[in-house]
Amino acid sequence: MRTLGNIIWILLGGVWTALLWAIIGVVFCITIVGIPLGRQAFKMAALTLTPFGKTIEYGGGAPSIVANIFWIPAGLFMALNYLIAGVLNCITIIGFPFGVQAFKMAKLSLFPFGAQVL
């Protein structure tokens, strides 16, 4: 089920969302100061391609909080995209698992620093 869910996710928009994350990563990496944020965006792009079967644990300390504050402008845009996709997917019974994954990705889009993907 996990593999099938990931394939359907990729075909129905996962590729485009991962491409948006990659573009955000490139923009952040233009400056030396933004490289840590760019690396996080590239990690999000990779996770966006295969979200099924992965769990996320949140933690971290003060450095993670500071990094998440700088991350919010880029993360808010992507989180809203995931939120809209989640609501639209949850309208149908078939789309419900995809909606749940979109909500998981929305939360991670806002606060990626200090989160571990397992």
Spacing of F113 atom CZ and K43 atom NZ [to the nearest 0.5 Å]
8.0 Å

Shortest non-hydrogen contact from T92 to G95?
OG1-N, 3.0 Å

Euclidean distance, T17 OG1 relative to M78 CE, rounded to 0.5 Å:
5.5 Å

According to the interplanar angle, ranging from 0 to 90°, do the rings of W71 and W21 count as parallel (below 30°), tilted (30 to 60°) or perpendicular (above 60°)?
parallel

If every non-hydrogen atom of L110 is compared with every non-hydrogen atom of A79, which pair is closest and at what distance?
CG-CB, 3.7 Å

When rounded to the nearest 0.5 angstrom, what distance separates CZ in F77 from OH in Y82?
11.0 Å

Are there more than 12 heavy atoms of other residues, nucleotides or ligands under 6.0 Å from atom CG of L11?
yes

Do I69 and M44 sit in the same hydrophobic cluster, where Ile, Leu, Val, Met, Phe, Trp and Tyr count as joined when their side-chain heavy atoms come under 4.5 Å apart?
no

State, without any angle test, whether Q101 and K104 hold a side-chain donor-acceptor pair at a distance under 3.5 Å.
yes

Minimal non-hydrogen separation, A85 against A102, with atom names:
C-CB, 4.3 Å

Minimum heavy-atom separation for N81 to L20, with atom names?
ND2-CD1, 4.4 Å

Measure the spacing between CZ of F111 and CD1 of I72 and express it to the nearest 0.5 Å.
5.5 Å

Show the nearest heavy-atom pair for residues I56 and A115, with the distance to one decimal.
CG2-CB, 4.0 Å

On a heavy-atom basis, the closest approach of G14 and T48 is O-CG2, 3.8 Å

Distance col, row I7:CD1 vs L49:CG, nearest 0.5 angstrom, shows 12.5 Å

S64 and Y58 side chains, donor-acceptor separation under 3.5 Å
no

Please indicate whether I32 has more than 12 foreign heavy atoms, meaning atoms of other residues, nucleotides or ligands, lying under 6.0 Å from its CD1.
no

Count I, L, V, M, F, W, Y as connected when their side-chain heavy atoms are under 4.5 Å apart, and connections chain through other members. Are W16 and I23 then in the same cluster?
yes

Can any side-chain N or O of N89 pair as donor or acceptor with the backbone N or O of F96 at less than 3.5 Å?
no

Over 12 non-hydrogen atoms of neighbours within 6.0 angstrom of CZ in F70
no

Does any part of the side chain of M105, heavy atoms only, come nearer than 4.5 Å to the side chain of L47, both counted from C-beta?
yes

Find the distance between CZ (F42) and CD1 (I35) and round it off to the nearest 0.5 Å.
10.0 Å

Over 60° means perpendicular and under 30° means parallel, so tell me whether W9 and F98 are parallel, tilted or perpendicular.
parallel

